[in-house]
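All remarks here apply to the structure that follows.
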Amino acid sequence: MKKLFLALPLALGLSGASADELQTRVEQMMLDSFKANGIAGLDRQKQDAVQKACSGLTPPDAETMKKLEAAEMATIKWPTDGNFTGGDWKEGQKIAASGRGLTWTDKTADNNGGGCYNCHAMDPKEVSEGTIGPSLEGYGKLRGSSEEVVKYTWGKLWNSKAYNACSDMPRNGYGGILTETQIRHVMAYLFDPASPVNQ
Amino acid sequence: MRRQLLFTALGAAIALTSPLAGAAGDELNFDAYREMLADGNPAELLEMEGEELWRTARGPKNATLEQCDLGRGPGVVEGAAAQLPRYFADTDKVQDLESRLMHCMEAQQGIPSAEIINGQFLKGERGKLAALVAYVVTHSKGKPIAIDLSHPRVKEMYDMGERAFRYRTGAMDFACSSCHSQDGKRIRATQLPNITKPEGAAEGWSSWPAYRVSNSQFWTMQHRLWDCFRQQRTAEPVFASDVTIALSVFMAGKGNGAEARWPGVKR
Amino acid sequence: MASPMRIRAAAKDGVTEVRVLMSHVMETGQRKDSSGAVIPAHFITELTAKHNDRLVLAAEFGPSVSTNPYLAFKFAGGAKGDKLVVSWVDNKGDSRSDEVQIA
Amino acid sequence: MNPQRRDTLKAGGGLGVLGLFAAAGLIKPEMAQAAWNKTAFEAKNMEAAFAAFSAGKPAESADVVITAPDIAENGAVVPVGVVSKLPATEQIVIMIEKNPNMVAASFTLPEGTVADVQTRVKMGQTSDVYAMVKADGKFYMARKEVKVTLGGCGG
C-alpha cells in the first residue's frame, strides 16, 4: 500500500465545534472498533487525502477536487514501452470476473481480481453484471482505440481518482490491487476486437 | 449525477453510459424466486434451536435466559427486536440485539462475553447467540421498526453511524455509501438498497438477519456488517463494537416505521 | 445426532397440506475444503411420510437437493389431531423421524 | 400398507420395500441403501436417467406443469414444484439437465396423495429443469429453463 496520509483541511460542509468534535470521535471509532487480521492491518483504517475529502455529504469544491486529481494523476505509472493493450483478453476476462483479494481471509496481497463485473457490464452475454459503474459493453468497438482513448483508459484503471477525486472506483494500480501486467490484460479485454466485450 | 458532472471533459466523453447499456440484465426480476422461498425459510430450523436455548439452563451459573431484559421487561421477547438498538441504563450503553443477548448470557448464565467477542461466526457461543437471534427476531415479524431516536445517546450513535456510513477507507477506498447510496444499483446480480433513504434503510435493516441460500448459513446483522467490511477491504471490525452499533442505529433509525420481515431469505 | 425437522401439516376441505424443513448438509461429494481435500458426499437418500400408519409419500433424494431440504405435498384425508410422521435416512446411515399432529 | 402397494412401489422405481422398512425403523438404515435407485442418481446424461426409470423417451405433456422461477438469485437453492393433471399419477421425478448428476429427486405417490410436490434443488448453471411423470404406467415430461445468476462481491 502506497497511500499518502496528507493532512488536508477538510471541507465537509460542517459548521460549529460540535460537528468537528463528532468527526474526531468518528475517526477514533473507525480505529478503535477494528483489529488487524492478517494482511488487513489497522493502517487501512486511516484515511488518505482523497478518502478523507470524499467522505462528506457533498464532494469538495471544484478547486480542491482539481488539486486532489492532479496529485493522483502524478501517481499513474504509464507503460514504459508504450504497450497499453498488448495483453491477453482471456486473462483480462478472468481478472474482470474475479472479485477476490486483499480481504483478511486472503493469505497474500497479490494475485487479486479486478472485480470489474461487480460494478460494470462488459460482455453483452453476461447477465450477472453490476450497475454501479457505467456499462463497458462494446468498449473498444464504440470508442475506437485512438491514443487518447487508450491512454485515458489505462490511467483510469491505474488511478481512477486522477479523473474524479471522488470516483467510486478503486485505484487498481496505485493501490496495489492489480499489477501492470494484469492491467494490460484488462486493457486487452476492453479493446481487443476478438474480446467478448466487443462482440 | 454527481459523478458524471465531476468527470473531466475527456472522461465524460469516453466513459459515460454507452448506447448499448441496458441491453442486457438491467432489470433482473427475482420476485418470483423470492416469493417461492418465503414459505419454509430454513432459518426456522435455527429459530427452533434458539427457542430451546432461551429456555435451557446453561453456563457456569446454570441459568436460563428467561429473565433477560431485551428492553421490554425481563423475559419479554415479543416485539423486542423491533425496538433495538436502544439505550440500556444497566449497562449505560446503546445495544443491539446481539450485544444485549451477549450481556444477558454473561450476567445471567456466566458465559464470558470475551468468548463471544473473540470467537468466530457460526461457531461456539457466538453460533448459539445467532440461534437466539433467530428466535427473538421471529417474534418481531410484522412489527414496525421503532427506534427511540429521541434518546440523546441513541441519537448520538445515529449521527456517528451516518458518518461511518460514508467513511471511505481501506485498500479499495470504499465506504458503505459506495454501494448503498443510489437507487436501483447492483453488485453483479445482487440488488442493493439505497440506505440513504428511509425505504432503502428499512429494506436493509428488515431483511437481515437472514438465511443465505448461497452458503446455507444463517447470518445475523453483526455477521452481515462484518462481511460488508471484509469486502470493503478494511481491517476486521470487532464483534459488537461501536461502529457496528452506530451503523445499526443509523440504518434502523432511518428505517423507522417500516415493517420488520425477520428472519429474511437472502442470496 | 441429526437435528429435528420442522413439520407443518394442516387439514382443509378434506386435503392435508404438509410442509417439511429438514436440517441436513446435503453435501454433494464434489466440493473441496480450503486445504483442497474432497468433502465426502453426505445426503438424505430416502424419505417417507405416514398419516397414522398409512404411507402418503415416499421420496428418494440425490445430492442435488438443496442443503436443509424443503418439501411440500398434499394428500386426501387427514383430520385435525391425526398423527403425521416424517422419516429420512441418509447415505451414511444417519436417520431422523419426527412427528406432528395435523392442525 | 398392503402387499399389492409394495409391489407397485417397487415396480415404479420408487422407494423400495427395504427403504420403507428402514424408514419405519424395522431394519437398519444401511441395508436400505440397496433400494435407493443408484443407477438413476448416478446417471450422467438424460438418456441414462430416463433409462434408469425404464421410461424410454417420455412424451412432452401439457398436463405436467413445472413451477419454478424464470431466473434464480442463486443456484444453490432453486425452488421447483411439479403438478401433474394426468389421472393415476404415481411418480414424479425432477431432473436438472446440466447438473453433473441430473436426477435430483423422485417422489412416489400412493393412492390419495395429490400429484403436487415442491422442493428446492441445486443448479450449477442455467439449465432446463425436467419433470418426468409416471401416470397409469406411462411416462410423460415437461421442461422449463431456469436462469441462474451470480451475485455479491465474489471475495
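Each chain gets a letter, A, B and so on, in the order the sequences are listed, and its residues count up from 1.
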Original post:
Considering only heavy atoms, which portion of C:Arg6 lies under 4.5 Å from any heavy atom of chain B: side chain, backbone, both, or neither?
Top reply: both
Original post:
Quick one: what part of C:Met26 sits under 4.5 Å from any heavy atom of chain B, side chain, backbone, both or neither?
Top reply: neither
Subject >> Interface residues of residues 41-79 of chain B facing chain C - heavy atom cut-off under 4.5 Å >> reply: B:Asn41, B:Pro42, B:Glu44, B:Leu45, B:Glu47, B:Met48
Original post:
If you look at every heavy atom in B:Tyr211 and C:Thr67, which pair is closest and at what distance?
Top reply: OH-O, 3.8 Å
Subject >> Heavy atoms of other groups near B:Glu35 CD, more than 12 under 6.0 Å >> reply: no
**OP:** Tell me the residues of residues 127-147 of chain B whose non-hydrogen atoms fall below 4.5 Å from those of chain C, in number order.
**Re:** none
Original post:
Can you name the residues of residues 221-239 of chain B that have some heavy atom under 4.5 Å away from a heavy atom in chain C?
Top reply: none
Subject >> With sequence neighbours excluded, residues passing side-chain contact (heavy atoms from CB on, under 4.5 Å) with B:Ala210 >> reply: B:Trp208, B:Lys266
Subject >> Approximate separation, where rounding is to 0.5 Å, of C:Tyr70 OH and B:Leu37 CG >> reply: 9.5 Å
Subject >> Rounded distance [0.5 Å steps], CD in C:Glu27 versus OG in B:Ser216 >> reply: 9.0 Å
